[in-house]
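This report refers to the structure that appears directly beneath it.
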2 protein chains.
Amino acid sequence: MAGLSDIARAAGVSVSTVSRVLNRRAGIKEGTRQRVLDVLNEMPHTARGMEALRRTGVIGLLVPELSNPVFPAFAEALETRASRAGYASLLCNTRAVMSEQDYVRMLRARGVEAMIFVSPAIANIDPSAGTRPPRGYYERLLSEGVHLVFVNGGTPALEVPDVAVDEQLAGYTATQHLLELGHSRIGFVCGPSQALPSRLKQAGWSAALEEAGAVADPNLVAHAPFGAEGGGQAMSELMDTARPTAVLCSSDLMALGAMREARRRGVSVPENLSVVGFDDISLASYCAPALTTLAQPIEEMANAAVDELVHRLDPDRPDRAPGGHSRVFRPRLVVRESTAPLGTE
Amino acid sequence: MAGLSDIARAAGVSVSTVSRVLNRRAGIKEGTRQRVLDVLNEMPHTARGMEALRRTGVIGLLVPELSNPVFPAFAEALETRASRAGYASLLCNTRAVMSEQDYVRMLRARGVEAMIFVSPAIANIDPSAGTRPPRGYYERLLSEGVHLVFVNGGTPALEVPDVAVDEQLAGYTATQHLLELGHSRIGFVCGPSQALPSRLKQAGWSAALEEAGAVADPNLVAHAPFGAEGGGQAMSELMDTARPTAVLCSSDLMALGAMREARRRGVSVPENLSVVGFDDISLASYCAPALTTLAQPIEEMANAAVDELVHRLDPDRPDRAPGGHSRVFRPRLVVRESTAPLGTE
DNA sequence: CAAACTTGTGCAATTTTTTGCACAAAGAGT
DNA sequence: ACTCTTTGTGCAAAAAATTGCACAAGTTTG
């Protein structure tokens with residue numbers, strides 16, 4: 001088993017320097033530090049204490065939930081790209097009993113080199129809710145040398161690269177599509193009002209409506225928890241009050257719930273109600289009627305996120321160039337069977 | 001920062017004993033070892049080397065894939081129960097680029113105390129495929145003190161507790177249900193032929209058929225890869241050849257694929273074709289027609305698995321008693337809209 | 001352009017951890 | 001009951017890691 005002295009010899013420095021590197025003490029030139037670390041990573045079996053500094057090749061993936069299939073889809077896409085680059089992924093489900101912060105702490109202790117946050121708490125929860133990580137929380141991570149990337153939830157306040165779909169454009173495009181089909185009473189089956197993505201989609205919805213000379217009546221927006229259940233609730237509310245001829249939904253899952261509610265009430269889709277989802281989960285094309293939706297380019301986004309990370313983790317890797325700090329992807333309209341021209345109703 | 005001597009004092013042993021415990025050397029009485037470890041877990045910040053032996057409160061969850069929603073569902077249920085018991089979960093997706101073994105090695109290095117395998121490679125892949133972990137692989141883990149539990153894929157060859165649904169009963173019950181509706185040409189949209197769960201369901205299907213005096217014609221079984229895509233393929237094959245009036249499927253996902261294929265061919269479900277799925281993923285009730293299926297009691301199974309683990313991890317916890325090494329759960333028939341009495345066709 | 005600082009590293013003293021050896025306690029076999 | 005193992009622990013010597021101090025090399029300032 002190699003000891004400090006072996007490493008010192010191999011790196012051409014003194015034992016004390018190695019010791020200092022290992023203990024993260026200040027006063028070591030970056031070049032020397034790097035040389036020691038490199039030697040460390042070569043050595044097959046080294047003693048205690050060193051393990052933590054060693055490159056682990058492990059990254060953490062944090063998703064808010066698993067019940068909406070988009071998140072497993074993101075996780076799988078991220079994981080695939082990461083393993084191709086030689087990194088193993090650990091997946092954490094953050095909105096369960098343990099919070100995002102709990103998981104971050106744990107991952108940090110387990111030697112994770114970087115973390116990718118999908119829909120991170122920082123960007124998506126209302127500041128007033130109080131459950132958001134305290135200010136400076138992500139900064140601390142950054143300063144500890146943990147690399148971060150946000151997916152769908154970046155914030156300009158932080159020096160963290162992020163990739164995201166243009167949620168507002170999604171709302172706009174969906175509304176536009178329905179407008180073109182002749183609809184005018186277009187409702188929005190929306191997630192909780194604090195959720196930023198839903199707010200952005202709503203902005204797109206209003207914009208399209210106003211551009212078409214219509215008014216974005218607040219009664220046409222129904223808030224409910226995310227999930228199919230919530231979609232049903234919001235749909236039910238809309239049908240009782242504003243009676244839209246078409247709706248867009250915050251997610252495919254909500255759209256599925258909305259469609260079931262419509263079916264329960266004997267309103268047939270798309271003849272009497274057009275429905276547009278968001279995400280394009282793989283099941284969207286398997287339900288009947290197949291769901292028209294705005295696809296997130298999940299694979300491209302995942303690739304971009306992982307590549308950005310890898311670029312920072314291994315700066316001298318010849319790989320693809322990073323696309324810059326903040327990459328926005330366009331959602332793609334996938335027209336299937338759940339939308340149709342406004343009929344005689 | 002506490003050193004060996006502090007721990008030795010607190011535990012009432014000599015420094016050398018503590019050193020030996022920390023280095024996993026032989027020749028330490030279990031009681032003494034435990035006492036040292038306990039003290040270790042009390043101490044707030046201890047030195048290097050000790051971290052690895054410290055209880056981490058982290059368990060690993062290994063699932064074969066994420067695209068079939070049952071696995072995220074299991075993961076979420078397991079995770080919830082585990083966090084209630086004070087354990088954090090790390091989720092790994094094992095059939096991607098990295099294998100189950102890669103992940104196990106990595107988790108081990110990251111200090112997880114136990115692992116729960118959902119549909120582990122050992123039980124579900126054909127031995128001849130060669131991709132299965134080598135013999136003694138799980139034993140080694142066990143001997144290193146890592147606790148294991150299998151979900152849906154235990155094996156009597158190993159001293160590992162397992163919880164599972166009765167796959168054969170599922171096949172039997174599904175077939176029985178279709179038989180009662182008057183069907184006799186009952187097909188099976190089956191996963192890959194090496195997959196054990198599919199083989200067991202097939203056994204249940206044959207048994208029910210033979211019990212009813214019918215023959216289990218092998219032409220009524222179509223194999224295809226798991227997933228909705230595969231379900232469509234297998235369905236297509238059956239419709240071209242054996243023309244069943246009803247089918248059961250290896251999973252809800254395959255059932256969804258089968259239903260879409262039927263729809264594509266203008267065969268309406270359930271009027272001209274009854275379909276039974278397996279799993280009861282939450283989306284099963286949201287598709288049209290809502291899917292009749294055999295539900296795995298996911299939450300109960302997850303609870304049983306976690307409880308069994310916790311019982312072993314913390315033997316003196318007052319918790320619920322373990323249900324024994326091997327627990328089998330009955331699948332529950334959930335009749336919805338995708339099955340109907342055999343009509344005039 | 002030198003004095004005053006700052007930064008980075010090695011040396012050696014100090015502290016901490018590991019290990020060889022001895023010895024006590026607990027069974028096992030005459 | 002009396003060896004003879006086997007097993008578990010402590011003591012003290014040896015090995016390894018940490019740190020105070022000094023000094024060299026590079027930077028800034030007057």
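Numbers restart at 1 for each chain; the letters A, B, ... are given by sequence-line order, proteins then strands.
- One atom, CZ of B/R35, and another, P of D/dG8, lie 13 Å apart when rounded to the nearest Å.
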| task | Determine, stepwise, if the pair B/L107 / B/V146 fulfils side chain to side chain contact (heavy atoms under 4.5 Å, CB included). | result | CA-CA 10 Å; B/L107 287 175; B/V146 180; over 6 Å; no
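- With sequence neighbours excluded, no residue forms a salt bridge (charged side-chain N to carboxylate O under 4.0 Å, His left out) with B/E159.
- Scored by the side chain to side chain donor-acceptor pair (under 3.5 Å) test, B/T94 finds no partners at all (sequence neighbours excluded).
- Applying the side chain to side chain donor-acceptor pair (under 3.5 Å) rule to B/D102 yields the partners B/S99, B/R105; only residues at least two apart in sequence or on another chain are considered.
- We find that CZ of A/R33 is positioned 12 Å from P of C/dT9, with the value rounded to whole Å.
- Contact check, A/T32 against C/dT9: a side-chain N or O comes under 4.0 Å of OP1 or OP2.
- Residues satisfying the side chain to side chain donor-acceptor pair (under 3.5 Å) test with A/S83, not counting sequence neighbours, are none.
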Protein N or O to nucleotides 22-26 of chain C N or O, pairs below 3.5 Å:
none

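- B/R9 has its CZ atom 14 Å from the P atom of D/dG10, to the nearest Å.
- Annotation: side-chain contact (heavy atoms from CB on, under 4.5 Å) contacts of A/T32 (sequence neighbours excluded): A/V13, A/T17, A/I28, A/K29, A/R35.
- In this structure, B/Y138 has its ring center under 6.0 Å from that of B/F150.
- Remark: P of D/dG8 and CD of B/Q34 are 15 Å apart, rounded to the nearest angstrom.
- A straight line from CG of A/L4 to P of D/dT19 spans 12 Å, rounded to a whole angstrom.
- Separating the CD1 atom of A/I28 from the P atom of C/dT6 is a distance of 19 Å, rounded to the nearest angstrom.
- Not counting sequence neighbours, A/F74 has no partner by the ring-ring contact (aromatic ring centres under 6.0 Å, His included) test.
- Summarising the geometry, the separation between NZ on A/K29 and P on D/dG26 is reported as 8 Å, rounded to the nearest angstrom.
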Are there any protein N/O atoms within less than 3.5 Å of an N/O atom in nucleotides 19-21 of chain C, and if so, which ones and at what distance?
{"residue": "C/dT19", "atom": "OP2", "partner": "B/R25", "partner atom": "NH1", "Å": "3.0"}

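- Rounded to whole Å, atom P of D/dA17 lies 12 Å from atom CG of A/L40.
- When the side chain to side chain donor-acceptor pair (under 3.5 Å) test is applied to A/R25, no partner is found at least two apart in sequence or on another chain.
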